[in-house]
Amino acid sequence: MVKFCQSCLLQVRWRPQGLALSGLSSPRLSPSGLSGLSLVWRMATLGFCLGTLAGCMVPVELADPSIDSGGTSVDPMPVDPAPADPVPAEPSPVDPASLLPPLSPAEQAQHRADMALWIQSDMDLIGLGKLGQVGWPLAAELEDFRQEWAAVDPAIAPFLGKWVRDWNMMPHVYLTVLPSRVPGQVCLVRYRQQETETVPFEVITTPLTVSVALVIDGQLRSADVQSAEDWIQITPASAYVAYPIEFLATVEGDRLELYASQQPPRVESSWEMSLRQTLASYQCTDGLPRP
């Protein structure tokens, strides 16, 4: 910040008759009409004012906020840190009234039979050489993860994991079942990869959706997805598939979906913050149970 001496400000401008100085009491300066002494006096006066002007241009230091008017150091005002992601202090259970009603024994049996037919059809296609691979070997890391959760919440443990169907024709479907620290509760994260209807061979990924489910009496029920523990089936190794495959069926509306287990569930860093906050609000995690 700079202060100027207002009394010494000069305005200099050229005129056809000579140099005019505003701010001096002398007449218009014309080199041809002034004596040498008069010219020297005027130039000295000009130099004095310009020097005074330069001397008045003094810097003014800004006050240090950490020092008060008496010269005593004071602590600066604290700055609040950026807010962290909200984590609820208490687990948040889902409202059972918002869930689909339980399946009847006849409905469970019908869907289980449809699932068995679907699995057999895919195995037949492998035998005919029309499918190269179905599913994956049951991962040891997934079995260990389930065993840890089975010790504290045995009802949810069989459903946990990342489940995928990306063989045969599209759409390919993906389901992640995460445990919750609320007993009997899980979070489901789903999306699909499918071809567009307008551009041939163009594949899009649908937005991720989150559902919260309870596992009661062997049935997994959310507001839009249902499954059952007896819809988890392991097929043994065969001449066509060299490893056992673990399958899971779900019902979404009137559509049956088939998946194979792939790996332990993960909360992906690529998922949107709002989705991860929803999972946190229901205490869903990809970690192990607390000791």
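Residues take their numbers from the sequence shown, with the count starting at 1.
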(request) State plainly whether one hydrophobic cluster holds both Y240 and W118, where clusters connect Ile, Leu, Val, Met, Phe, Trp and Tyr through side-chain heavy atoms under 4.5 angstrom apart. (result) yes
(request) Using modelled atom types only, decide if a donor and an acceptor are shared between the side chain of E246 and the backbone of G135 within a distance under 3.5 Å. (result) no
(message) For the residue pair T196 / E202, report whether a side-chain donor-acceptor contact shorter than 3.5 Å exists.
(response) yes
(message) Looking at every heavy atom in both S261 and L142, which two are closest together, and how far apart are they?
(response) CB-CD2, 3.8 Å
(message) Between R276 and W271 (side chain of the first, backbone of the second, donor and acceptor by atom type, cut-off under 3.5 Å), is there such a pair?
(response) yes
(message) Could you check whether any side-chain N or O of S227 sits under 3.5 Å from a backbone N or O of L220, counting only pairs where one atom can act as donor and the other as acceptor?
(response) no
(request) Please tell me if the side chains of Q226 and T250 come closer than 4.5 Å, counting only heavy atoms from C-beta onward. (result) no
(message) Quick one, T176 with R266, criterion side-chain contact (heavy atoms from CB on, under 4.5 Å). Give me CA distance, side-chain angles, the key distance, then yes/no.
(response) CA-CA 8 Å; T176 297; R266 292 287 180 266; over 6 Å; no
(request) Kindly give the heavy-atom pair with the smallest separation between T285 and G287, and that separation in Å. (result) OG1-N, 2.8 Å
(message) Quick check: closest heavy atoms across A223 and L99, and the distance to 0.1 Å?
(response) N-CD2, 4.1 Å
(message) Check this for me, if you would: do E252 and R255 make a salt bridge, where the nitrogen-to-carboxylate-oxygen distance has to be below 4.0 angstrom?
(response) yes
(request) Compare all side-chain heavy atoms of V251 with those of V225 and state whether any distance is below 4.5 angstrom. (result) no
(request) Compare all side-chain heavy atoms of S180 with those of V186 and state whether any distance is below 4.5 angstrom. (result) no
(request) Spell out, yes or no, whether W136 and L138 are grouped together once hydrophobic residues are joined by side-chain heavy atoms under 4.5 Å, including indirect joins. (result) no
(message) Quick check: do F159 and L188 have side-chain heavy atoms less than 4.5 Å from each other?
(response) no
(message) With a 3.5 Å distance limit and no angle check, can you tell me whether Q219 reaches the backbone of L103 through a side-chain donor-acceptor pair?
(response) yes
(message) Under 4.5 Å between side-chain heavy atoms, counting indirect links through other Ile/Leu/Val/Met/Phe/Trp/Tyr residues: same cluster for L160 and L175 or not?
(response) yes
(request) Would you give the length of the straight line joining atom CG of L117 to atom CG of L256, rounded to the nearest 0.5 angstrom? (result) 10.5 Å
(request) Take T235 and I119, measure what side-chain contact (heavy atoms from CB on, under 4.5 Å) needs, and give me the verdict at the end. (result) CA-CA 9 Å; T235 60; I119 293 173; 3.8 Å; yes
(message) Does any part of the side chain of V134, heavy atoms only, come nearer than 4.5 Å to the side chain of I245, both counted from C-beta?
(response) yes
(message) Evaluate V182 against Y282 for side-chain contact (heavy atoms from CB on, under 4.5 Å), listing each step before the verdict.
(response) CA-CA 8 Å; V182 178; Y282 288 100; over 6 Å; no
(request) For Q193 and Y174, work out which heavy atoms get closest and say how close. (result) OE1-OH, 3.1 Å
(request) Using a strict cut-off of less than 4.0 Å between a Lys/Arg side-chain nitrogen and an Asp/Glu carboxylate oxygen, indicate whether R192 and E257 qualify as a salt bridge. (result) yes
(message) Please give me the minimum heavy-atom distance between P171 and Q194, naming the atom from each residue.
(response) CB-CB, 3.9 Å
(request) Determine whether more than 12 heavy atoms belonging to other residues, nucleotides or ligands lie under 6.0 Å from atom OH of Y243. (result) yes
(request) Output the distance between atom CG (L178) and atom CG (L279), rounded to the nearest 0.5 Å. (result) 6.0 Å
(message) What's the separation between atom OG in S121 and atom CG in L258, rounded to the nearest 0.5 Å?
(response) 10.5 Å
(request) Answer yes or no: is there a donor N or O on one side and an acceptor on the other, between the side chain of Q185 and the main chain of V94, under 3.5 Å? (result) yes
(request) Determine whether L248 and W149 fall in the same hydrophobic cluster, where Ile, Leu, Val, Met, Phe, Trp and Tyr are linked whenever their side-chain heavy atoms lie under 4.5 Å apart. (result) yes
(message) Would F247 and M115 count as a side-chain contact (heavy atoms from CB on, under 4.5 Å) here? Give the steps.
(response) CA-CA 9 Å; F247 291 98; M115 173 187 178; 3.7 Å; yes
(message) Do P158 and R146 make a side-chain contact, defined as non-hydrogen atoms from C-beta onward lying under 4.5 Å apart?
(response) no
(message) Salt bridge or not between R190 and D224? Use side-chain N to carboxylate O under 4.0 Å.
(response) yes
(request) Using a 4.5 Å cut-off on heavy atoms from C-beta on, say whether the side chain of F145 contacts that of P265. (result) yes
(request) Could you tell me whether a side-chain N or O of D166 sits under 3.5 Å from a main-chain N or O of H172, the two making a donor and an acceptor? (result) no
(message) Assigning hydrophobic clusters by single linkage (Ile, Leu, Val, Met, Phe, Trp, Tyr; side-chain heavy-atom cutoff under 4.5 Å), is W163 placed with L208?
(response) no
(message) In the structure I gave you, are the side-chain heavy atoms of D114 and Q110 within less than 4.5 Å of one another anywhere?
(response) yes
(message) For E107, is there any backbone N or O sitting under 3.5 Å from a side-chain donor or acceptor partner on R112?
(response) no
(request) Taking atom CG of D217 as the centre, report whether more than 12 heavy atoms of other residues, nucleotides or ligands fall under 6.0 Å from it. (result) no
